[in-house]
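This is the structure I have questions about; it appears just below.
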Amino acid sequence: MGERTIYTIGRQFGSGGRQVGKALAERLGIPYYDKELLAMAAKDSGFSEELFHSADEKPASSLLYSLVMGNYPMSSGTLGFNEMPLNDQLFLIQSNTIRKVAKKGSCIIIGRCADYILKGNPDLISIFIHAPLEARVKRAVECYEVPADRAEEVCLKNDKSRANFYNYYSDQKWGMCRTYSLSLDSSLLGIEGCVDEIIRFTELADKNKNHCI
């Protein structure tokens with residue numbers, strides 16, 4: 001791994017993306033940021049941590065608000081900070097927190113549009129962890145203790161929420177492979193196998209960084 005590598009991990013619900021991130025952080029001995037970002041953003045801004053939790057990976061607008069505003073992306077900059085819905089304000093604050101931790105050194109950041117927020121950073125490796133629905137349902141039941149009769153619904157609902165959040169706040173498409181540096185199927189590789197592939201990819205990226213491909 002180079003002097004600094006910032007890993008962002010997007011994930012389908014039940015794919016084990018968080019576990020991959022934690023295992024990678026342990027293997028490399030670098031900081032891991034997930035819910036920790038919410039507490040940090042709250043401290044930076046003075047807003048309550050509960051507000052950040054309630055808005056976590058959820059788009060700002062209701063259907064009515066989207067229709068009225070034309071479902072504008074955050075990148076359009078059409079509104080001033082104080083005119084934005086609260087969720088949008090929280091997103092901007094959290095974005096600044098993400099940039100702040102990325103400046104400190106190598107780390108792993110889970111979800112929250114971090115790959116888009118850090119787009120253009122030469123030290124960024126963006127990863128998406130996915131798996132077939134059947135495998136994710138199984139993990140949801142066994143690892144997250146989701147009732148078996150609701151597991152598929154929970155997986156799909158969470159995926160939809162994450163996709164809406166990502167697509168709303170970025171000009172990219174959640175889960176589309178060309179959006180990410182690396183896309184991995186955890187059902188084929190397993191958690192440690194995903195970590196192995198990420199490290200191998202990082203080594204190749206470091207080697208080729210200063211060469212024309």
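All figures in this text were calculated on a predicted structure; none of them were measured in a lab. Side chains included, hydrogens not; waters and symmetry mates left out as well; all remaining heavy atoms used. All residue numbers in this chain count up from 1 along the given sequence.
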**Asked** Looking at side-chain heavy atoms only, is the closest gap between T8 and I127 below 4.5 Å?
**Response** no
**Message:** My understanding is that only residues two or more places apart in sequence, or in another chain, count here; which of them pass salt bridge (charged side-chain N to carboxylate O under 4.0 Å, His left out) with K35?
**Reply:**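 Residues passing salt bridge (charged side-chain N to carboxylate O under 4.0 Å, His left out) with K35: D56.
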**Asked** To the nearest 0.5 Å, what is the distance between CZ (R112) and CZ (F91)?
**Response**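 One gets 11.5 Å once the value is rounded to the nearest 0.5 Å.
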**Request:** Not counting sequence neighbours, which residues clear side chain to side chain donor-acceptor pair (under 3.5 Å) with E152? List them please.
**Result:**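 Side chain to side chain donor-acceptor pair (under 3.5 Å) list for E152, sorted by chain: empty.
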**Asked** Please, which pairs that meet salt bridge (Lys or Arg N to Asp or Glu O under 4.0 Å) have at least one residue in residues 173-182, sequence neighbours excluded?
**Response**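 Residue pairs passing salt bridge (Lys or Arg N to Asp or Glu O under 4.0 Å), neighbours aside: none found.
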**Prompt:** Is there a side-chain contact between Y33 and C107 (heavy atoms, below 4.5 Å)?
**Reply:** yes
**Message:** Test: salt bridge (Lys or Arg N to Asp or Glu O under 4.0 Å). Region: residues 95-111. Which pairs qualify, not counting sequence neighbours?
**Reply:**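 Counting only pairs at least two positions apart or across chains, the salt bridge (Lys or Arg N to Asp or Glu O under 4.0 Å) contacts touching residues 95-111 are D44-K100.
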**Message:** I need the minimum non-hydrogen distance between I9 and G21, along with the two atoms involved.
**Reply:** CD1-CA, 3.5 Å
**Request:** Of all the heavy-atom pairs spanning V141 and A148, show the shortest one and how long it is.
**Result:**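 In terms of heavy atoms, the two residues are closest at CG2-CA, 3.8 Å.
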**Item:** Interatomic distance, T5 atom OG1 to L124 atom CG [nearest 0.5 angstrom]
**Value:** 9.5 Å
**Request:** Applying salt bridge (charged side-chain N to carboxylate O under 4.0 Å, His left out), name anything that partners K43, two or more places apart in sequence or on another chain.
**Result:**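 Salt bridge (charged side-chain N to carboxylate O under 4.0 Å, His left out) check on K43 returns nothing, list empty.
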**Asked** Excluding sequence neighbours, so at least two apart, what forms side chain to side chain donor-acceptor pair (under 3.5 Å) with Y166?
**Response**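 So Y166 forms a side chain to side chain donor-acceptor pair (under 3.5 Å) with D115, Q172.
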**Prompt:** Sub-3.5 Å donor-acceptor pair from the side chain of R11 to the main-chain atoms of F128, do we have one?
**Reply:**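 Judged by distance alone, no pair lies under 3.5 Å.
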**Message:** Do V137 and V154 make a side-chain contact, defined as non-hydrogen atoms from C-beta onward lying under 4.5 Å apart?
**Reply:** no
**Asked** Under the 3.5 angstrom rule, does the side chain of T179 hit a backbone N or O of G175 as a donor-acceptor pair?
**Response** no
**Prompt:** Closest approach of A131 and D185, non-hydrogen atoms and distance?
**Reply:**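 Nearest pair, atom of A131 first, then D185: CA-OD1, 3.6 Å.
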**Asked** Mind checking what makes side chain to side chain contact (heavy atoms under 4.5 Å, CB included) contact with E197, not counting sequence neighbours?
**Response**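 E197 satisfies side chain to side chain contact (heavy atoms under 4.5 Å, CB included) with L184, L189, R200 once adjacent residues are dropped.
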**Asked** About how many Å separate CE of M40 and OG of S45, when rounded to the nearest 0.5 Å?
**Response** 12.0 Å
**Message:** Within the 4.5 Å heavy-atom criterion, are P31 and I108 side-chain neighbours or not?
**Reply:**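 Answer no - side chains too far apart.
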**Request:** Kindly indicate whether the side chain of I117, heavy atoms from C-beta on, has any atom under 4.5 Å from the side chain of Y169.
**Result:** no
**Item:** Residue pairs passing the ring pair (Phe, Tyr, Trp, His ring centres under 6.0 Å) test where at least one lies in residues 11-31, sequence neighbours excluded
**Value:** F13-Y144
**Item:** In one Ile/Leu/Val/Met/Phe/Trp/Tyr side-chain cluster, 4.5 Å: L188, F201
**Value:**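 No, L188 and F201 fall in different hydrophobic clusters.
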**Request:** Verify whether one side chain among T202 and Y7 offers a donor that lies under 3.5 Å from an acceptor in the other.
**Result:** yes
**Prompt:** According to the salt bridge (Lys or Arg N to Asp or Glu O under 4.0 Å) rule, which pairs have a member within residues 133-143, sequence neighbours left out?
**Reply:**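 Residue pairs with at least one partner in residues 133-143: R136-D159, K138-E142.
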**Prompt:** Rounded to the nearest 0.5 Å, what separation is found between the CZ atom of R4 and the CD1 atom of I30?
**Reply:**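 R4 CZ to I30 CD1: 11.5 Å, rounded to 0.5 Å.
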**Item:** All salt bridge (charged side-chain N to carboxylate O under 4.0 Å, His left out) counterparts of E49, not counting sequence neighbours
**Value:**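 So E49 forms no salt bridge (charged side-chain N to carboxylate O under 4.0 Å, His left out) with any residue.
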**Under the salt bridge (charged side-chain N to carboxylate O under 4.0 Å, His left out) test, residues paired with D196 that sit two or more places apart** =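 Result, salt bridge (charged side-chain N to carboxylate O under 4.0 Å, His left out) vs D196: R27.
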**Request:** Return yes if some donor-acceptor pair links the side-chain N/O of S15 with the main-chain N/O of Q12 below 3.5 Å, else return no.
**Result:**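 Flag set: sc S15 to bb Q12 pair under 3.5 Å.
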**Item:** Pairs satisfying salt bridge (Lys or Arg N to Asp or Glu O under 4.0 Å), at least one member in residues 14-26, at least two apart
**Value:**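 Residue pairs passing salt bridge (Lys or Arg N to Asp or Glu O under 4.0 Å), neighbours aside: R18-D34.
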**Prompt:** Could you give the distance from CD1 (I129) to SG (C194), rounded to the nearest 0.5 Å?
**Reply:**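 I129 atom CD1 to C194 atom SG measures 4.5 Å (nearest 0.5 Å).
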**Message:** Measuring from atom CG of D88 to atom OH of Y168, what distance do you get when rounded to the nearest 0.5 angstrom?
**Reply:**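 It comes to 4.0 Å.
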**Prompt:** Do H130 and S186 have a side chain donor and acceptor closer than 3.5 Å?
**Reply:**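 The criterion, which ignores hydrogens and geometry beyond distance, is not satisfied for S186 and H130.
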**Prompt:** Looking at S126, S95, S170, which hits side chain to side chain contact (heavy atoms under 4.5 Å, CB included) with Y116?
**Reply:** S170
**Complete:** Of all heavy-atom pairs linking A114 and I109, the shortest is CB-CG2, 3.6 Å
**Item:** Over all atoms of both residues, closest heavy-atom pair of F52 and A41
**Value:** CE2-CB, 3.6 Å
**Asked** Would the F165 and W174 ring centres measure less than 6.0 Å apart?
**Response** no
